[in-house]
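Treat the numbers as computed from the prediction; the structure is a model and nothing was measured. Lettering follows sequence order; numbering is per chain, from 1.
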Number of protein chains: 2
Amino acid sequence: MRILHNHPEVQNALSKSNFLDIFTFDAEAYVKLIHFDADDEITKEGEVPEYLFYLVSGQAKLFITLPNGKRTLIDFFNAPCFIGEMELLAVHTHSRSVQALVPCVCLALSLDGCREQLLSDARFLRTLSTYLGNKNMRNVASLAETKTYPLPNRLASFILLAAPNGHYREMHGNAAEYLGVTYRHLLYVLADFVKKGYLGKSSSGYTILNKEALIKLTQAMHTGLSVSSLFANMDTKE
Amino acid sequence: MRILHNHPEVQNALSKSNFLDIFTFDAEAYVKLIHFDADDEITKEGEVPEYLFYLVSGQAKLFITLPNGKRTLIDFFNAPCFIGEMELLAVHTHSRSVQALVPCVCLALSLDGCREQLLSDARFLRTLSTYLGNKNMRNVASLAETKTYPLPNRLASFILLAAPNGHYREMHGNAAEYLGVTYRHLLYVLADFVKKGYLGKSSSGYTILNKEALIKLTQAMHTGLSVSSLFANMDTKE
DNA sequence: CACCTCGTGTGAGATATCTCATATACAGTA
DNA sequence: TACTGTATATGAGATATCTCACACGAGGTG
């Protein structure tokens, strides 16, 4: 993790993203630019995050830990999106942690300085509401889809999402839980993908050999229901 | 549908619900109280709703119509909650319609008069963000659960939700779609419930005979994950 | 009335998915 | 070293769920 403050690169990110336009007040003084390496934790479990993050580029995954102690993969985040907005709103139902899937660049607003300003800023809150509304809509729509389709389709979609650079290496336990199926069954279908030549096993996971086939399986789920992605991101500007 | 304006009953609802406290501006002038009968449409498909609703008492269900023309049951709303907030935010992904499941009482803010005030009111937007955040959290948490459990558990939960006064009469097609299973399979499990004495068939649907059993099946899903309900409502105040 | 659509209801066979049992490998630790 | 936990891996049999094919009744419409 690398934090940049008062740095030309920060200016660069700000001007590219129009991030400051989200706020009525002048947020620039509170802004830092943070680089995360793959696998870094952007927000750690149990800790109230120091920042409100705005993912400028990269991809991250969300985990929650259930009361029984199990850490479960819940969702993916794609730039551009907020991270830490739930905690800012004190919607703190479970411990959440967000982990970078690939190197990530975040604009980060120091909450110490401006939590109250954020929570009183109508322009920001309106953007946030719209963001959450869209996220919700996507969840709901994808829920309808997801429930209906068998594992091969969903797994294909999952692999495409979770495999940066064509290299898939999620732990089977997590993947199974995320996909809502048994470990055993996931293994069956993975093995089937290998047999069909979609995937190849490599030292630390699986490598995508036939991306087309996976895309085809994924798209079979999206026909008829215009949901661009199974997962929440923020590409629908208000 | 019965609309009350400038009426003692409006005052009564306002004072009981603290609805006006959600806003910075004086919203009272825009408030009406609307009664819906069971099966009335609170928001109609394709129409941008005239009001932002706040469900004071009652229960409603949300439908969306998919591009293929099918109307699908998506979610339930329990008082207290907002209705029409998505449309206010212009999150208009699909045609949504909300239908009263039992007689419902709504406070309704006339959008004509105060749309801009709402979208500029930090206090309201903060409440709304928190509401949407909670809704999202519930969706996500329930998603994890829902996917994991077989139909009997989910159906039990569904029946309890969808059966006001112990009388269940959703159309099987809708129910099947909502539950993400086949019409055929739903019928199997319904028949099984009847055989086990949980339900009895009556003229226009099914009657709950053994509520305890259904509750037990529902609760089996909630152990280990502290989600009070599968569905979005607003009982978690910020 | 004949005809259509739609919701209900049923049966039989195919698939998807789960449960349980078991084996191996690796990392931590007493 | 032995012990423990965790992830990977595979097999066999049990369930849950799907697909397809069909029958019946109610409501609308020519």
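Within residues 181-191 of chain B, the residues approached by DNA chain C to less than 4.0 Å at the level of any non-hydrogen atom are Y183(B), R184(B), Y188(B), in residue-number order.
For N134(A) (side chain) and T130(A) (main-chain N/O), a donor-acceptor pair under 3.5 Å exists by modelled atom type. In this structure, S157(B) contributes its side chain and T218(B) its backbone to no donor-acceptor pair below 3.5 Å. At distances below 3.5 Å, at least one donor-acceptor pair connects side-chain atoms of Q59(B) with backbone N or O atoms of L161(B).
The distance between atom CZ of R169(A) and atom P of dT8(D), rounded to the nearest whole Å, is 13 Å. Between the CG atom of L217(B) and the P atom of dA16(D) there is a distance of 12 Å, given to the nearest Å. Between the OH atom of Y149(A) and the P atom of dT17(D) there is a distance of 18 Å, rounded to whole Å. Distance CD (E177(B)) to P (dT17(D)): 17 Å, rounded to an integer number of Å. N174(B) has its CG atom 8 Å from the P atom of dG7(C), to the nearest Å. Between the CG atom of L151(A) and the P atom of dA16(C) there is a distance of 10 Å, given to the nearest Å. Atom C1' of nucleotide dA16(C) and atom CZ of R154(A) are separated by 11 Å, given to the nearest angstrom. Taking atom NZ on K195(A) and atom C1' on dT10(D), their separation rounds to 14 Å, with Å as the unit.
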Can you give the donor-acceptor pairs under 3.5 Å from side chains of residues 185-196 of chain A to other protein atoms, not counting sequence neighbours?
unit_1: Y188(A); atom_1: OH; unit_2: R184(A); atom_2: NH2; d: 3.2
unit_1: D192(A); atom_1: OD2; unit_2: K196(A); atom_2: NZ; d: 2.9

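Close to dG9(C), at under 4.0 Å from its OP1 or OP2, lies a side-chain N or O of K201(B).
Here the shortest heavy-atom pairing between S17(A) and L107(A) reads OG-CD1, 3.5 Å.
A salt bridge links K135(A) with E85(A): at least one charged nitrogen is closer than 4.0 Å to a carboxylate oxygen.
For M171(B), the side-chain atoms get nearest to dT8(C) when compared with the rest of dT17(D), dT8(C), dT17(C).
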